[in-house]
Amino acid sequence: MTATTLTAPLLLANDMLTGAEWSPAQVKQLLRLTADIKAHPARYAATLRGKFFALIFEKPSLRTRVTFEVGIQSMGGATVFLDHTQAARLGEREAVVDVARNLERWVHGIIARVYDQTVLEELAANARIPVINALSDRFHPCQALADYFTLEEKFGALRGFRLAYVGDGNNVCHSLILLGARLGAHLRIATPANYAPAAEIIADAKRVARETRAKIELLNDPREAVAGAQAVYTDSWTSMGFEAETAVRENVFAPFQVNREMMALAAPDAVFMHCLPAHRGHEVTAEVLDSARSIALDQSENRMYSQKAILETLLGG
Ligand code: CP
Ligand code: NVA
């Protein structure tokens, strides 16, 4: 399939703020486009030629920054990195609305990593150029798209795929739920009682699940979630922005550590997943993270291709 036939029917919303903008068909097409970009990068070597992107990061990043910068340059575009990790947060020096109205005069797209999802929404509401969520307190859609692409590469179609997520009901968990629902996956999410994913995200996923026959089960017992799973996913117990809660979280999440005993409950060919950065000896043991079952680095590699698919869809050609 050519790039044109892959992208043509994909009328995505102008922005990518949550991943819930996408219909089940659109998520599948993004996965197909990701595969095409990975297999034939030369076809997309100039589709962003003459396009400029502002990358605004309020929090640190290794994977997201590098994959966006390299990905955009590999498509002929260019990036400007606005480092807000030390400087004032967006909205402090200058109102978010003014940042949006200025940036749209110079660049073709905004890629932002923020503390507060509402800042992304404000950027999107005030800029007539696409805004892409590079992680917020609520969502990490670029991550989840790469994760499902990685699973599809290894296991084939994801309808009925048994994915266990163990740990904090955080941004990564939310995005896995929203996209997993669109792909018809069977998700078991095990969190401590006070760290469950947000009710409105579960409600959106369950609405979509009626169409895709996805399943979303919320549990408090990690062993029950992992039993028979084809993939076991975890993330840090303390996400960026929640550092003040680290000591409490270390205590509450201790029974949720993914270790050899936990992985032994999963299916014999089950893989281990982590968005990274990982904390060996906390949410996952070094033994599991560094084992042959771990596909964390494949997830990282694929961030590049799935983000290129998002950019190609929103701005390519
Ligand atoms: N997984 C991920 O988004 O990594 P970074 O925080 O390094 O970008
Ligand atoms: N949940 C983590 C993901 C980091 C990529 C965080 O928000 O810090």
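Heads up: numbering here begins at 1 and tracks the sequence. Indexing begins at 1, ligand by ligand and atom by atom, following the structure's order.
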Measure the distance from [atom] to every protein heavy atom, then report the residue, atom name and distance (to 0.1 Å) of the closest one.
{"atom": "atom 4 (O) of ligand 1", "value": "R63 NE, 2.8 Å"}
{"atom": "atom 7 (O) of ligand 2", "value": "N171 ND2, 2.8 Å"}
{"atom": "atom 2 (C) of ligand 1", "value": "R303 NH1, 3.3 Å"}
{"atom": "atom 8 (O) of ligand 2", "value": "M240 N, 2.8 Å"}
{"atom": "atom 4 (C) of ligand 2", "value": "L135 CD1, 3.8 Å"}

(message) In terms of relative ring orientation, are H108 and F52 parallel, tilted or perpendicular, with 30° and 60° separating the classes?
(response) parallel

(request) Quick one: closest heavy-atom pair of Y233 and V172, and the distance? (result) OH-CG1, 3.5 Å

(request) Report yes if some N/O of Q143 lies less than 3.5 Å from some N/O of ligand 1; otherwise report no. (result) yes

(request) Say whether M240, considering both its backbone and side-chain N or O atoms, lies within less than 3.5 Å of an N or O atom on ligand 1. (result) no

Side chains of [X] and [Y], donor plus acceptor under 3.5 Å:
{"X": "N170", "Y": "Y165", "result": "yes"}
{"X": "R303", "Y": "T64", "result": "yes"}
{"X": "E153", "Y": "N302", "result": "yes"}

(request) Hydrophobic side-chain clustering at under 4.5 Å (ILVMFWY, transitive links): who's grouped with L135? Put none if nobody. (result) M240

Out of all atoms in ligand 1, which are within 4.0 Å of some heavy atom of [X]? Include the element for each.
{"X": "R113", "value": "3 (O), 5 (P), 6 (O), 8 (O)"}
{"X": "H140", "value": "2 (C), 3 (O)"}
{"X": "L62", "value": "5 (P), 7 (O), 8 (O)"}

If you measure from the Lys or Arg side-chain nitrogens to the Asp or Glu carboxylate oxygens, is any gap between [X] and [Y] under 4.0 Å?
{"X": "R138", "Y": "D116", "result": "no"}
{"X": "R293", "Y": "D269", "result": "no"}
{"X": "E283", "Y": "R249", "result": "no"}

(message) Using a 4.0 Å heavy-atom cut-off, which part of L276 comes near ligand 1: side chain, backbone, both, or neither?
(response) backbone

(request) Looking only at distances, please establish whether an N/O atom of ligand 2 is found under 3.5 Å from an N/O atom of S239. (result) yes

(message) Taking 4.0 angstrom as the limit and counting only heavy atoms of D235, give me the atoms of ligand 2 inside it, by number and element.
(response) 1 (N), 2 (C), 3 (C)

(message) Using the ring centroid of each side chain, check whether Y195 and F253 are separated by less than 6.0 Å.
(response) yes

(message) For T64, state whether at least one heavy atom is located under 4.0 Å from any atom of ligand 2.
(response) no

(request) Indicate, as side chain, backbone, both or neither, the part of L276 found under 4.0 angstrom from ligand 2 when only non-hydrogen atoms are considered. (result) backbone

